[in-house]
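Report on one structure; see the data block that follows.
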Amino acid sequence: MDMTTSYAGPTASMYLADLGADVIKVERPGTGDDARSWGPPFIGADSAWFASANRNKRSVVINLRAPSGPATLRTLVGQADVFMENFNPGKLKALQIDHESLRTEFPRLIYCAMSGYGLDGPDHTLPGYDLAAQARSGLMSVTGAKGGSPQRVSTALTDIVTGMCAALAINAAVVRQRAEGVGDLIDVSLLDSSLAVMAPRVAAHLAGEPDPSPSGGTDSVLAVYQSFPTADRDLVIAIGNDAMWRRFCVAIGLRELAERSELADNAGRRAHREQLIDLVTGRLTQRTAAEWQCVLGNAGIPCSLVQRVSEVVADPQVVAREALLPVPGTSARTVRGPFRLASMPRPRNSRFPELGAHTAEVLAEHGFGPDDIARLVECGVVEVGGARESAVR
């Protein structure tokens, strides 16, 4: 049972659905999940953002403000393995669907609370969004052009990582639930997930490095590990160890750099970073990025073009891995989950649900008869949407 909205929670439940879970998406009347209106772009009348985080789910609309709304929800939760929410704690308590109430009533339930800042601490009641988490965790402070102002990573990075963290924790809790018959409380926040992304930078600072600042495409620890201009476009090069450094120098025709003792290790290369960058840039700008890719690839040096999104979606490796899934019934495509299981040779891929499309179906599965469902609809407790045919690959 997934009562989350926006992007982090829906991403978590989508990955669980991709892996085989039956995800029932609980939405509010009228508008449903906030992300349904995020656009343009839209796929017909549907948000592309919403489509990207809500495949393989069923939608149920329950009006929690109606007198019997919370009780209807609890009837469904009582048969669920997992309940996910990202609501204000005060509202949850008033409706008696907070973690203490539900876990007391259903000891086997895994309750996953997703929030901006966690379930405790002085700011646990503050609302949270990806932008705020990127700022507060320090992620923005190290992102951007060297010498420039801090920048947001230009995707919903914190939301997506939080979704992955929640899905990971839920899977672990389900294993324990199956083995021991016990539930759990999972506390996942945007701030904690963003801090996890910042782990190497935080560790370096605590070990004595100065407060980091935006450094463009360079790395604070490794040298050489950044983007370079070539004769036609930028190329990133990642030198991860000393042997790789020596192969790199030979490959680009700067063998003398490999023989200089002061550059033999990463500490020395960091100390002479500016000089190195000038020398390497001078050589790389003499040939095209494609030529250097061939040269460096043959030498076993990690490198890549800095691709635009239009190039990424046509990348031969992306295409070969079938990393983009068609949205059934539309001309749109979304990104496949970042995992492959031999037990699932074809990915689950049902279309994102229409608002309330499965309300009657799910209620019937949970013991509500036709008259009960009709009464709930008449009283405004639930809404029954128009189910659209969903294709599955």
Side-chain angles (χ1 to χ4, degrees), residues 1-6 9-10 12-13 16-17 21-37 50 54 56-115 119 125 127 166 170 177 183-187 352-388 390:
M1 301 293 301
D2 176 18
M3 204 172 70
T4 65
T5 185
S6 297
S13 62
L16 294 171
D22 176 15
V23 174
I24 298 170
K25 183 177 179 68
V26 181
E27 302 188 72
R28 62 175 174 265
T31 57
D33 187 331
D34 287 343
R36 286 187 182 273
S37 64
F50 180 81
N54 285 284
N56 298 325
K57 303 178 186 180
R58 297 191 287 168
S59 172
V60 171
V61 172
I62 300 178
N63 182 2
L64 295 175
R65 294 181 178 178
S68 56
T72 302
L73 176 64
R74 283 198 297 276
T75 299
L76 273 58
V77 172
Q79 298 181 44
D81 296 302
V82 180
F83 177 69
M84 299 172 58
E85 56 82 7
N86 62 351
F87 276 44
N88 178 283
K91 292 181 181 178
L92 292 167
K93 199 164 189 67
L95 296 170
Q96 292 187 303
I97 53 175
D98 57 297
H99 63 87
E100 291 178 354
S101 300
L102 287 184
R103 293 195 63 227
T104 298
E105 188 173 357
F106 309 113
R108 184 179 171 278
L109 182 69
I110 295 166
Y111 189 111
C112 181
M114 303 184 70
S115 62
L119 293 180
T125 61
I170 287 170
Q177 182 191 62
D184 211 334
L185 170 62
I186 297 171
D187 175 5
F352 58 90
E354 294 298 302
L355 180 62
H358 306 92
T359 300
E361 172 184 292
V362 170
L363 290 175
E365 292 173 0
H366 288 74
F368 292 85
D371 292 342
D372 300 321
I373 296 172
R375 187 164 50 253
L376 290 172
V377 172
E378 184 179 352
C379 295
V381 178
V382 303
E383 288 184 2
V384 178
R388 186 185 297 189
S390 68

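- With hydrogens and angles disregarded, no donor-acceptor distance shorter than 3.5 Å links the side chain of Ser101 to the backbone of Ile97.
- Considering all non-hydrogen atoms of both residues, Pro70 and Pro67 come closest at CD-O, 4.0 Å.
- With Met3 as the partner, the side chain to side chain contact (heavy atoms under 4.5 Å, CB included) test is satisfied by one option alone out of Leu64, Val77, Ile62, Val60: Leu64.
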Working for side-chain contact (heavy atoms from CB on, under 4.5 Å), residues Leu363 and Asp372: CA-CA 9 Å; Leu363 290 175; Asp372 300 321; over 6 Å; no

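- Pairs engaging residues 70-83 under the salt bridge (charged side-chain N to carboxylate O under 4.0 Å, His left out) rule: Arg74-Glu105, Asp81-Arg108, Asp81-Arg178 [sequence neighbours left out].
- When atom types are taken as modelled, the side chain of Thr4 and the backbone of Glu85 share no donor-acceptor pair closer than 3.5 angstrom.
- Remark: Asp187 engages no residue in a side chain to side chain donor-acceptor pair (under 3.5 Å) (not counting sequence neighbours).
- Between Phe83 and Ile110, the closest side-chain pair of non-hydrogen atoms is not below 4.5 Å.
- With contacts defined as side-chain heavy-atom distances shorter than 4.5 Å, the pair Val26/Met1 qualifies.
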Verdict with supporting geometry, Val61 and Arg28, side-chain contact (heavy atoms from CB on, under 4.5 Å): CA-CA 6 Å; Val61 172; Arg28 62 175 174 265; over 6 Å; no

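- The backbone N or O of Asp34 lies less than 3.5 Å from a partner atom in the side chain of Thr5, making a donor-acceptor pair.
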Using the salt bridge (Lys or Arg N to Asp or Glu O under 4.0 Å) rule, take Asp22 and Arg58 through it: C-alpha gap first, then chi angles, then the decisive distance, then the call. CA-CA 8 Å; Asp22 176 15; Arg58 297 191 287 168; 2.9 Å; yes

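- Ser59 contributes a side-chain N or O that, together with a main-chain N or O of Gly356, makes up a donor-acceptor pair within less than 3.5 Å.
- Distance alone, capped at 3.5 Å, is enough to place a donor-acceptor pair between the Asn63 side chain and the Gly380 backbone.
- Although no hydrogens or angles enter the test, the distance criterion places a donor-acceptor pair under 3.5 Å between the side chain of Glu27 and the main chain of Asp33.
- Evaluation of the ring pair (Phe, Tyr, Trp, His ring centres under 6.0 Å) test over residues 85-105, restricted to residues two or more places apart or in two chains, returns His99-Tyr111.
- Checked by atom type and distance alone, the side chain of Lys57 pairs as donor or acceptor with a backbone atom of Pro10 at under 3.5 Å.
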